[in-house]
Amino acid sequence: MRNNKKIWTIKLILKWASEYLSSQKITDAYMEAEYLLTHALDCSRKEILLDPDKVLSNEEVVRFNDFIYRRGRREPAHYIIGEVEFRGLIFKVNKDVLIPRPETELLVEEAVNIVNKYECDAPSPHLENSLPFKGRVRVGMGLTLNNLTILDLCTGSGCIAISIAKEIPVSRVYAVDISDGAVKIAQENAKRNGVDDKITFLTGDLYKAIEPLGLEGKVDLLVSNPPYVSKLEMAELQPEIKNYEPLLALYGGEDGLDFYRRIIREAPRYLSSGGFLIMELGYGEAEGVRSLIENEKFFRGIETIKDLAGIDRVIKAG
């Protein structure tokens with residue numbers, strides 16, 4: 001955009017931006033331009049559509065110009081605007097954390113469903129000692145749970161831990177990440193979403209971070225979206241991912257299963273009687289992860305859950 005003295009309306013600047021992004025091989029260039037413009041102007045898409053001839057101020061043009069050129073260099077839009085929506089909540093993101101994906105919502109949904117199932121089961125005399133969550137019952141005539149302990153490994157932005165803390169009010173959540181930067185962002189997100197008093201954030205390498213806490217045999221839900229990109233897949237990642245998102249949150253070793261091995265190996269030590277392990281899966285990794293779980297000889301049942309594209313996205317063992 002060379003002529004800074006030009007009068008820029010919403011309609012004109014969107015046309016310029018979409019053409020520029022298209023020239024940079026950005027898919028859905030017009031929609032991306034529109035999305036970034038709503039954030040540059042701090043307005044809704046509806047406002048843009050209703051007033052295409054609105055003249056932008058110089059400050060608005062400069063801000064949008066910066067957004068578009070950054071996107072043209074393949075920086076993800078969510079890093080440019082600094083936030084992303086996940087399960088109806090807004091999370092701050094920067095280059096210290098992986099951008100939460102919609103597919104990860106399925107993991108949270110499965111954790112919530114497990115708890116809801118056992119809260120809503122019909123009352124029965126044997127439920128008091130049934131699995132999972134043995135001994136957490138008997139309020140009136142129904143089944144209830146309280147003081148659930150939940151561990152989120154590789155928490156990143158905190159999207160899983162925070163969503164669970166919001167949606168499972170009876171929980172106490174421990175969230176771990178090896179990155180100091182990620183933990184700081186996750187703490188900010190917990191405060192932003194009003195659950196900072198329900199989550200303990202810890203910096204460390206998986207279970208090493210919780211060793212002093214005495215959680216052995218007390219974790220009711222162990223959840224994780226671990227790094228799972230293999231060495232071969234790393235070379236094939238889109239520039240938006242490979243050049244901007246943190247390597248620590250992506251690379252899962254030669255075959256992509258390194259973190260699954262470590263998490264699964266130690267999970268029996270920390271899970272409560274009847275607790276569940278729930279993890280997100282990388283594409284094509286379901287059978288490999290299932291085999292790792294089966295080899296532990298600890299879990300009674302294993303189930304995989306498909307996403308909307310029919311891909312095995314979450315694995316649950318209890």
Side-chain angles (χ1 to χ4, degrees), residues 1-106 108-109 156-159 162-163 166 181 184-186 188-194 237-246 249 307-309:
M1 188 188 305
R2 295 177 181 177
N3 184 5
N4 291 328
K5 294 182 180 179
K6 181 175 179 177
I7 295 176
W8 288 99
T9 64
I10 286 175
K11 180 168 59 179
L12 285 175
I13 208 164
L14 280 176
K15 181 176 184 295
W16 164 78
S18 62
E19 289 174 354
Y20 172 74
L21 292 180
S22 292
S23 74
Q24 302 302 307
K25 312 300 183 186
I26 301 295
T27 306
D28 297 324
Y30 189 87
M31 293 300 295
E32 291 243 17
E34 199 176 65
Y35 176 74
L36 289 171
L37 185 60
T38 62
H39 287 275
L41 303 185
D42 192 22
C43 69
S44 68
R45 181 169 181 262
K46 181 179 179 181
E47 290 174 274
I48 287 175
L49 294 175
L50 288 176
D51 195 5
D53 294 318
K54 175 185 176 182
V55 176
L56 305 186
S57 70
N58 186 60
E59 291 77 12
E60 290 170 334
V61 170
V62 169
R63 187 183 309 120
F64 183 59
N65 190 25
D66 175 61
F67 283 6
I68 291 299
Y69 280 122
R70 287 170 66 184
R71 186 68 189 99
R73 294 192 294 270
R74 307 302 289 268
E75 183 175 353
H78 294 303
Y79 284 156
I80 294 171
I81 66 172
E83 64 183 29
V84 64
E85 182 179 341
F86 182 88
R87 283 188 79 82
L89 305 176
I90 301 299
F91 290 85
K92 176 180 177 180
V93 291
N94 64 15
K95 293 178 186 178
D96 287 320
V97 299
L98 197 71
I99 298 169
R101 270 63 169 180
E103 297 84 13
T104 304
E105 295 191 16
L106 189 59
V108 176
E109 184 176 327
S157 66
C159 64
I162 291 163
S163 298
K166 292 284 283 189
K184 288 176 183 176
I185 292 296
E188 286 186 46
N189 283 327
K191 188 171 184 180
R192 170 186 284 199
N193 287 291
L237 290 175
Q238 294 176 322
E240 284 87 346
I241 301 173
K242 183 166 56 177
N243 297 339
Y244 289 95
E245 300 203 63
D307 63 18
L308 293 176

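No salt bridge links Arg63 with Glu59; every basic N to acidic carboxylate O contact stays at or beyond 4.0 Å.
Heavy atoms from other residues, nucleotides or ligands lying under 6.0 Å from NZ of Lys184 number 12 at most. The local environment of CG in Leu50 is crowded, with over 12 non-hydrogen atoms from other residues, nucleotides or ligands closer than 6.0 Å. Counting heavy-atom neighbours within 6.0 Å of Asp28 CG, excluding the residue itself, gives a total of 12 or less. When the shell of 6.0 Å around CG of Asp42 is examined, it contains 12 or fewer heavy atoms from other residues, nucleotides or ligands.
The shortest non-hydrogen separation linking Thr9 to Leu56 is C-CG, 4.5 Å. In plain terms, the two heavy atoms of Tyr244 and Pro239 that are nearest each other are CD1-O, 3.7 Å. A pairwise comparison of heavy atoms in Ala309 and Asp307 identifies N-OD1, 2.9 Å as the closest pair. Shortest non-hydrogen contact noted between Ser157 and Pro100 is OG-CG, 3.5 Å. Of all the heavy atoms in Ile48 and Cys43, the pair that sits closest is CG1-SG, 3.8 Å. Pairing each heavy atom of Tyr79 with each of Ile99, the nearest pair is CE2-CG1, 3.6 Å.
Of the inter-residue distances, the one linking Ser44 atom OG with Leu49 atom CG reads 8.0 Å to the nearest 0.5 angstrom. Going from atom CG of Leu21 over to atom CG of Leu36 covers 7.5 Å, rounded to the nearest 0.5 Å. To the nearest 0.5 angstrom, Trp16 atom CH2 is 4.5 Å from Asn65 atom CG. Atom-to-atom distance recorded for Ile26:CD1 and Met31:CE is 14.5 Å, nearest 0.5 angstrom.
A heavy-atom distance below 4.5 Å is found between the side chains of Glu83 and His39. Leu89 places none of its side-chain heavy atoms less than 4.5 Å from the side chain of Phe86. Looking at heavy atoms from C-beta onward, Ile185 lies out of side-chain contact with Val93 at the 4.5 angstrom threshold. Between Trp8 and Phe64, the closest side-chain pair of non-hydrogen atoms is not below 4.5 Å.
Here the side chain of Asn243 pairs no donor or acceptor atom with the backbone of Glu75 at under 3.5 angstrom. Side chain of Asn189 to main chain of Phe91: no donor-acceptor pair is present (N/O by atom type, distance under 3.5 Å, no hydrogens or angles). Side-chain atoms of Glu245 never come within 3.5 Å of backbone atoms of Leu98 as a donor-acceptor pair (strictly under, hydrogens ignored). Judged by distance alone, with hydrogens and angles left aside, the side-chain atoms of Glu32 form no donor-acceptor pair with the main-chain N or O of Ala77 at under 3.5 Å.
Of the options Arg73, Arg74, His78, a side-chain hydrogen bond (donor to acceptor under 3.5 Å, both in side chains) to Glu240 is made by Arg74 and by none of the others.
Applying the salt bridge (Lys or Arg N to Asp or Glu O under 4.0 Å) test to Glu188 and every residue at least two apart in sequence or in another chain returns Lys92. Checked against side-chain hydrogen bond (donor to acceptor under 3.5 Å, both in side chains), Ser23 has no partners two or more places apart in sequence or in another chain. Among residues two or more places apart in sequence or in another chain, the side-chain contact (heavy atoms from CB on, under 4.5 Å) test is passed with Thr27 by none.
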